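Structure first, then comments.
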Amino acid sequence: MDITESLVTALTLLGLGMAFVYVFLGLLFVFISLMAKYVPADQPSTPKQKKSVTPKSEPQAQMSPQVIAAITSAVKQYRKQPVA
Amino acid sequence: MDGLITLWADTGIANFQWSELVMMAVGALLLYLAIVRKFEPLLLLPIGFGAILANIPNAGFNDEGGMLYYIYHIGIETGIFPLIIFMGVGALTDFGALIANPKTLFLGAAAQFGIFATLFGAILLNLVPGFDFSLADASAIAIIGGADGPTAIFLASKLAPDLLGAIAVAAYSYMALVPIIQPPIMRALTTQAEREIKMEQLRPVSKKEKIIFPLAVLFMTILFLPAATPLVGMFCLGNLMRESGVVDRLSSTAQNELINIVTIFLGLGVGSKLSADKFLNLETLGILGLGAIAFSIGTASGVLMAKAMGKFSKTPINPLIGAAGVSAVPMAARVANKVGLEANPHNFLLMHAMGPNVAGVLGSAVAAGVLLALVG
C-alpha cells in the first residue's frame, strides 16, 4: 500500500476509533446515570443490626449475677498479674 | 575420543551464536529489572527467564515438541492466557468509583487517544528506511498506549504474532515506568492551583448497581462491538463473580490462584518470543519508541480532557485524575494520588482516580475491539 494511502487509512482509524470509544463509553454513562436514578439504594443495615443486637442482649439478661461477679473478679485478677 | 568430540559438539559453548548471547543478556536485563528494580516483577521475571530458556542452543525449547513451543501455542496464540488474566483482573476490579462518578468514563475514553495517535505514528515511521509496518502491525504496536498488558498481548497475538515479544516487553516495561513517565507530563500540563483542587466525596454505590453494571457492559458490547466480547466478556465474568457475592470461591480463585498460575505461563510464553531473529532488529527499537510516545500522548490527552471537563462540570474535577485514564490499574491511580498529595498534602485523589483508571481498562478493551474489527 502506498504510504499516503496508509496514512489516510490510519487517520480514518484515528477518527473512527476515538468516535466509537466515546460513543460506547458515552452510552455507558447514560446507562449508569439512569441506574443511579432508578435502582434503589441498599437498605441501610440498621434494622439488621437491631436484630443481631437483641439476641446478644438476651443471654446477658439471663446471666445470673453470680456468674457476672465471678467473671469480674477473674478479670480483675488477670489485670493484676502483669503488673506484679 | 569420538565420544568426547560428540560431547563437545553438544555443549552450549560450542554452539553459541552471538545473537543468542545478546538475547540471553536481554533476558538477564529483564531479570535485573524485576529483581533489583522491582519493575513489574510478576511478569518480567518469567519473561526474562523464558527469554534465557528460549535462546539456549540445542535445547529446543522453541522447536516443535519443546515446552515453550507448546506453552506459546496453547495459551498465547489462541489468546486464552490473556483472556484468563483479564477475567482475574475483572474479579479484582471494583467499579464502585466509576459508578459513583460516571463522568470519569470520558477520561478513560480520552486517554485512548494515545492508541490511535500511535497508529498514525507507526505508519509514519515507514517513511524511515528499514521500517515496514503493515496496518495490522501498527495497530498491535499502538495498543501499547492502552497500558494494558493482557489486551496488548491478546491483540498482538491476533494481528502481529511476530512482534508479540517486543510488544509485550514494551507494554509491561512502560506499565512499570508509569511512576516515572507520567508525573512530568502531569505537572507540565497543570497549574499548582489545578493540582490542589479537592473533589467531592463519592456517593455510596448499591450492590444491585454493581451487579447490573458488568451485565450492562457485556450487553452493550454484544450489541455494538462483538469483536471486543472475548476481552470484555471475560472481564465482566470475573467482575460478576466478585460482585454477585454467591461464588466467593470462584472469585477468589480467579483473582489469586488462577491469575498467578496463568501469569507464570504467560510470562514464559512471551519470553519464548524473545528469540534473536525476531527481537534483534530495528523494528524492536521502533516499537519501544512508539510505545513511550503512545503512553505519553494517552496521559496528556487524559489530563487535557479532565481540564476541559472541569471547566464545564458543576462539581470540581482535579485534572490529575485524567492521567489515570490510561489503564495500568492501580498504578496510574496511585501516581495521580501521589502527584496530588505533593500539591496539597490533605488531598487524597486515589478513589477519584480509580474511576478513570477502570474506565481506561474498558476503553482500551473497546479500542482493541475496534482495531480487531477494522484491521483484523
Side-chain angles (χ1 to χ4, degrees), chain A residues 1-63 67-68 71 74-75 78 82, chain B residues 95 98-113 115-124 126-127 133-135 138-139 142 203-213 216-217 219-221 223-225 228 301 359-360 362-367 369-371 373-375:
Chain A
M1 214 194 295
D2 182 31
I3 185 89
T4 38
E5 212 177 306
S6 314
L7 281 177
V8 171
T9 322
L11 206 60
T12 324
L13 272 176
L14 170 78
L16 214 62
M18 278 314 283
F20 193 88
V21 170
Y22 263 101
V23 168
F24 190 93
L25 295 185
L27 281 172
L28 207 56
F29 171 81
V30 174
F31 180 83
I32 296 178
S33 309
L34 288 176
M35 197 163 70
K37 234 182 213 172
Y38 294 108
V39 175
D42 280 341
Q43 292 298 316
S45 47
T46 33
K48 276 185 190 168
Q49 270 180 359
K50 267 184 196 164
K51 271 183 194 167
S52 61
V53 167
T54 34
K56 269 184 197 166
S57 58
E58 274 169 2
Q60 262 183 6
Q62 287 166 357
M63 210 178 268
V67 174
I68 292 176
I71 293 175
V75 168
Y78 174 78
Chain B
F95 278 110
L98 176 66
I99 300 173
N101 189 6
K103 268 183 294 200
T104 53
L105 274 168
F106 295 112
L107 300 177
Q112 308 313 318
F113 186 68
I115 295 180
F116 294 103
T118 309
L119 182 72
F120 196 69
I123 296 292
L124 212 58
N126 281 344
L127 289 174
F133 291 130
S134 67
L135 203 58
S139 309
R203 72 172 173 92
V205 172
S206 72
K207 195 176 170 223
K208 282 195 195 85
E209 285 175 276
K210 285 189 175 178
I211 293 177
I212 297 172
F213 183 76
V217 173
F219 184 65
M220 279 183 52
T221 320
L223 287 186
F224 299 111
L225 193 59
S301 41
L362 285 180
S364 47
V366 172
V370 172
L371 291 175
L374 293 179
V375 180

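Note that this is a predicted model, so its numbers are computed, not measured.
Put simply, the side chain of B/Ile115 does not reach to within 4.5 Å of the side chain of A/Val21, judged on heavy atoms. Between B/Val370 and A/Leu16 the shortest side-chain heavy-atom distance does not fall below 4.5 Å.
A/Leu14 approaches B/Ala117 most closely through the heavy-atom pair CD1-N, 3.6 Å. Across all their heavy atoms, A/Ala10 and B/Phe120 have their closest contact at CB-CD1, 3.8 Å. In terms of heavy-atom proximity, A/Phe31 sits nearest to B/Ala216 at CE2-CB, 3.2 Å.
Comparing B/Leu119, B/Leu371, B/Leu98 by how many heavy-atom pairs each has under 4.5 Å with chain A, the most go to B/Leu119. Interface check for chain B: of the options A/Gly26, A/Pro40, A/Gly17, the most heavy-atom pairs under 4.5 Å are formed by A/Gly17.
Between the CD1 atom in B/Ile123 and the CG atom in A/Leu11 there is a gap of 11.5 Å [rounded to 0.5 Å]. Taking CE of A/Met35 as the start and CD1 of B/Ile212 as the end, the distance is 6.0 Å to the nearest 0.5 Å.
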So which donor and acceptor atoms of chain A and chain B come within less than 3.5 Å of each other?
from    : atom 1 : to       : atom 2 : distance (Å)
A/Asp42 : OD1    : B/Lys207 : N      : 3.3
A/Asp42 : OD2    : B/Lys207 : N      : 3.0

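Looking at B/Ala110, the atoms closer than 4.5 Å to chain A (heavy atoms on both sides) sit in the backbone and in the side chain alike.
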Run the numbers on B/Phe224 and A/Leu27 for side chain to side chain contact (heavy atoms under 4.5 Å, CB included), then give the verdict. CA-CA 11 Å; B/Phe224 299 111; A/Leu27 281 172; 3.7 Å; yes
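At most 12 non-hydrogen atoms from other residues, nucleotides or ligands lie less than 6.0 angstrom from CZ of B/Phe113.
A/Leu28 is linked by a side chain to side chain contact (heavy atoms under 4.5 Å, CB included) to A/Leu25, B/Leu105, B/Phe213, B/Val217, B/Met220, B/Leu362, counting only residues two or more places apart in sequence or in another chain.
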